[in-house]
Protein chains: 4
Amino acid sequence: MTVHSAAATPRPRRRPISQPAPSERGDKRERIIEAAIKVFAERGFYHARVSEVAAEAGVAGGTIYNYFRNKDDLLISLFEDRMEAILADFRAELAGLDSAADRLRRFVELHLAMVARDPQLAEVLTVELRQSSKFMREYKARKFGEYLGLLEGLVVEGVERGEFRADIDPRILKRALFGAIDEVSLFWVGARRARNPQPYALEDAAEQIWRLYAGGLIRPQESTP
Amino acid sequence: MTVHSAAATPRPRRRPISQPAPSERGDKRERIIEAAIKVFAERGFYHARVSEVAAEAGVAGGTIYNYFRNKDDLLISLFEDRMEAILADFRAELAGLDSAADRLRRFVELHLAMVARDPQLAEVLTVELRQSSKFMREYKARKFGEYLGLLEGLVVEGVERGEFRADIDPRILKRALFGAIDEVSLFWVGARRARNPQPYALEDAAEQIWRLYAGGLIRPQESTP
Amino acid sequence: MTVHSAAATPRPRRRPISQPAPSERGDKRERIIEAAIKVFAERGFYHARVSEVAAEAGVAGGTIYNYFRNKDDLLISLFEDRMEAILADFRAELAGLDSAADRLRRFVELHLAMVARDPQLAEVLTVELRQSSKFMREYKARKFGEYLGLLEGLVVEGVERGEFRADIDPRILKRALFGAIDEVSLFWVGARRARNPQPYALEDAAEQIWRLYAGGLIRPQESTP
Amino acid sequence: MTVHSAAATPRPRRRPISQPAPSERGDKRERIIEAAIKVFAERGFYHARVSEVAAEAGVAGGTIYNYFRNKDDLLISLFEDRMEAILADFRAELAGLDSAADRLRRFVELHLAMVARDPQLAEVLTVELRQSSKFMREYKARKFGEYLGLLEGLVVEGVERGEFRADIDPRILKRALFGAIDEVSLFWVGARRARNPQPYALEDAAEQIWRLYAGGLIRPQESTP
DNA sequence: CATGAATGAGCATTCATTCAT
DNA sequence: AATGAATGAATGCTCATTCAT
């Protein structure tokens with residue numbers, strides 16, 4: 001998978017030509033976003049100071065404002081930037097699969113793999129994001145809606161192809177499944193941060209969630225003769 | 001159901017001497033908690049000012065500090081207070097049911113009914129709660145763990161009684177189910193606040209979620225002859 | 001004259017009853033205004049820091065914001081407060097005089113006496129006031145217009161009573177006279193601040209200005225016998 | 001009159017690029033000063049950003065610092081530059097006149113004509129100039145003193161030649177007259193910026209001011225037999 | 001000379017919390 | 001217990017100025 005490397009794809013920006021300054025990987029905008037993910041994840045959006053992000057990125061405080069309108073905008077930009085990469089990655093990964101069931105299972109795996117790979121990003125994307133009032137109340141949707149839309153598409157397709165039951169509203173299903181994945185991720189991430197032992201492996205969790213959603217809880221009373 | 005009235009169980013306390021103001025049921029602490037739920041839900045924990053809570057509760061700003069150590073403590077106390085009531089209510093409701101399946105379905109219904117009845121409380125409990133650093137990082141667990149424990153108990157019981165499949169880890173299941181309910185609730189609450197049309201009825205959502213978790217997504221290929 | 005004492009008339013505000021705290025003369029709002037006049041005059045509105053005003057007033061920085069919306073509002077409030085007092089004082093002083101000429105001469109004297117008495121106030125009123133964009137562009141008028149209106153009234157009256165020439169537009173005259181007085185004041189104040197020797201006594205300046213405006217520059221060539 | 005064209009006297013200098021871009025007359029320094037006058041007049045010295053001046057001048061922000069030490073220096077340089085031109089123009093215009101009275105009247109006319117011709121310059125010269133602390137407190141004088149000196153010279157000359165009354169101190173007179181002209185100008189300029197209707201024509205104002213200063217306010221009670 | 005990205009000192013303002021009454 | 005004026009630490013953001021290219 002290439003989620004992260006995709007996310008890191010630098011929007012090409014004038015790189016110093018003569019002296020490459022090899023210490024600075026990626027352009028400044030990218031470095032600030034990376035720093036913001038780290039700091040927001042560690043301290044929480046509201047407790048993070050812009051100056052901390054700057055220090056983490058190795059730039060001066062004012063430099064942040066050359067790239068982002070304000071602290072809120074930094075969070076939103078970070079979100080869009082990363083979600084875009086994640087979406088592209090997911091789409092590419094899912095394109096090669098044949099059945100709706102395979103694609104849905106893969107979606108779950110991809111999400112949890114992403115969380116395992118970049119827990120801080122996961123934390124910011126799911127927890128901290130809810131704290132920027134502007135974001136939550138005026139913006140929210142877009143890319144996140146796209147993400148859920150992807151999920152909904154998989155479900156609808158499954159129903160249309162007769163793979164999935166038709167008596168479950170896809171709009172509710174997509175939220176239920178997303179909520180399930182998200183909560184399982186969040187707890188794992190929280191335990192990790194609290195330096196508690198891993199409560200479960202995320203790969204196993206993916207398997208479990210899929211099993212649950214695919215087959216349901218109720219034990220089939222097979223062949224009651 | 002009596003969640004709310006239970007929550008409002010007044011720790012008896014006296015009215016400001018002269019005129020008992022019989023209209024105002026509940027003591028000052030309760031009034032402050034009610035105000036906090038309203039203000040936190042409307043403005044978000046970080047954007048809510050203590051003085052707003054005080055104004056909403058009809059007390060002076062300083063009075064809050066006679067009942068709560070600080071703003072964080074107000075949020076946590078609010079949480080404990082309400083969760084206690086909710087838990088008691090849930091336990092009472094579930095006690096009369098026979099099968100694990102019935103109890104689990106009822107749990108889903110109860111949660112969503114609670115959301116429908118007091119959306120602001122639901123919002124605070126699920127969204128704003130994540131924003132108090134002290135809470136999230138040092139406290140969190142307790143009552144919330146109890147709530148999830150209740151859920152886990154239902155599942156374990158179901159497995160033990162042979163009602164549920166044994167190949168799904170209850171610790172993951174409880175999170176998955178809670179996440180599903182929570183997300184479905186959250187979206188509904190969000191739409192409500194944004195004054196968007198209700199995306200779905202919460203009663204229907206409960207039915208759908210249960211159907212999903214009970215039977216799974218995959219359409220049984222019965223008897224392909 | 002009582003300009004200053006009038007200006008200091010405290011808008012009655014709850015004074016601590018039991019322990020009079022004799023060190024604090026005047027209420028807090030008044031103390032802040034006095035401090036602001038001093039600091040704005042000495043450092044200029046833009047270079048003055050709110051914390052300096054607070055320190056000068058002997059209050060904490062935040063206290064200023066219990067009385068004034070922001071720095072601009074402090075300047076504007078200061079202006080209104082003092083202008084009101086000055087206007088009341090001027091009106092009272094002029095009421096007792098019979099001819100328009102006497103009143104106009106007295107007006108000049110009063111203005112310059114006010115400058116002599118409270119140079120810092122004069123400086124703020126004439127120089128610093130122009131620096132608050134909101135003030136200059138949206139507010140300005142009112143009390144200042146009243147002041148000029150007082151002047152215009154005197155002139156119009158003089159014309160109507162046949163004391164003054166009718167061929168000079170009162171609206172231009174009032175500006176010309178005000179500008180003359182203001183500039184003469186300003187230079188005197190500036191010299192004072194720069195610790196230069198007084199270029200002239202303000203009482204003499206009043207006499208000179210009146211002589212100039214009353215009789216004009218041109219030496220009457222009548223009756224060269 | 002040639003005030004403005006004199007001020008604009010281009011110090012010929014070439015345009016950056018390869019092709020001289022013959023359309024842009026005036027060198028960069030001049031263009032920056034013109035931009036500064038416009039921006040300072042419109043936004044006020046303190047609210048004007050150096051980058052705005054740069055944008056208006058069509059140069060990069062840093063370029064300004066190749067021509068001026070800092071923002072204050074830009075204001076001061078602007079002032080000196082324009083005042084020099086104005087003074088030269090005034091001197092030339094006054095040279096041809098015979099009587100002190102004619103010269104003084106002409107001075108008033110010239111000042112107001114200058115205001116009418118370049119209101120933004122007038123605004124900067126009279127309002128914004130007072131806002132640069134360094135200017136006001138350490139520099140001020142020089143060219144402005146020269147301007148007032150010119151005025152004083154006219155008065156002294158008038159007295160010496162017996163045209164003007166000898167009982168008015170020229171140092172006060174020069175300030176009074178300048179203040180009168182300045183205030184009349186300022187109000188006109190202010191109305192213009194506020195897009196209010198012109199309160200009076202500046203030509204008429206010149207006539208009025210001169211009439212006032214020449215003959216005085218008091219109506220001569222000639223020959224009441 | 002020109003550029004404009006980077007810098008970082010500077011400051012108004014907010015608001016949780018205290019405490020004298 | 002209740003009050004609410006006073007406090008002052010905390011911080012996002014601006015913008016004049018610098019300097020490597």
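In the text below, chain A, chain B and the rest are named by the order of the sequence lines, each starting its count at 1.
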Looking at [atom1] of [X] and [atom2] of [Y], how far apart are the two atoms once the value is rounded to the nearest 0.5 Å?
X        : Y        : atom1 : atom2 : result
Leu78(C) : Phe40(C) : CG    : CZ    : 7.0 Å
Ile33(C) : Phe68(C) : CD1   : CZ    : 4.0 Å
Arg43(C) : Glu56(C) : CZ    : CD    : 12.0 Å

For the side chain of [X], starting at C-beta, report the closest nucleotide among [options].
X        : options                  : result
Tyr67(A) : dA5(E), dA16(E), dA12(E) : dA5(E)
Thr63(A) : dA6(F), dT7(F), dT7(E)   : dT7(E)
Val50(C) : dT3(F), dT3(E), dA12(E)  : dA12(E)
Ala60(D) : dG4(E), dC15(E), dT3(F)  : dG4(E)
Asn66(A) : dA1(F), dA6(E), dT3(F)   : dA6(E)

Problem set entry | Electrostatic pair Glu42(D):Arg49(D) at N-O distance under 4.0 angstrom | no
Please give, in whole Å, the distance from [N] [atom2] to [X] [atom1]?
X        : N       : atom1 : atom2 : answer
Leu74(D) : dC15(F) : CG    : P     : 16 Å
Asp27(D) : dC1(E)  : CG    : P     : 9 Å
Ile32(D) : dT17(F) : CD1   : P     : 14 Å

Problem set entry | Side chain proximity check, Asp72(D) to Phe45(D), heavy atoms < 4.5 angstrom | yes
Exercise. What does dA5(F) pair with, Watson-Crick or G-U, if both distances are under 3.5 Å?
Worked result: dT18(E)
Problem set entry | G-U wobble or Watson-Crick pairing nucleotide for dC13(F) (cut-off 3.5 Å, both distances) | dG10(E)
On the nucleotide [N], are OP1 or OP2 found under 4.0 Å from the side-chain N or O atoms that [X] carries?
X        : N       : value
Lys28(A) : dA5(E)  : no
Lys71(C) : dT13(E) : no
Tyr65(B) : dA2(F)  : no

Seminar exercise, completed: Walking DNA chain F from its 5' end, the first of Ile64(B) and Arg49(D) to be reached, judged by nearest nucleotide, is Ile64(B)
Exercise. Contact class for Ala48(C) (heavy atom, under 4.0 Å): base, sugar-phosphate, or nothing?
Worked result: sugar-phosphate
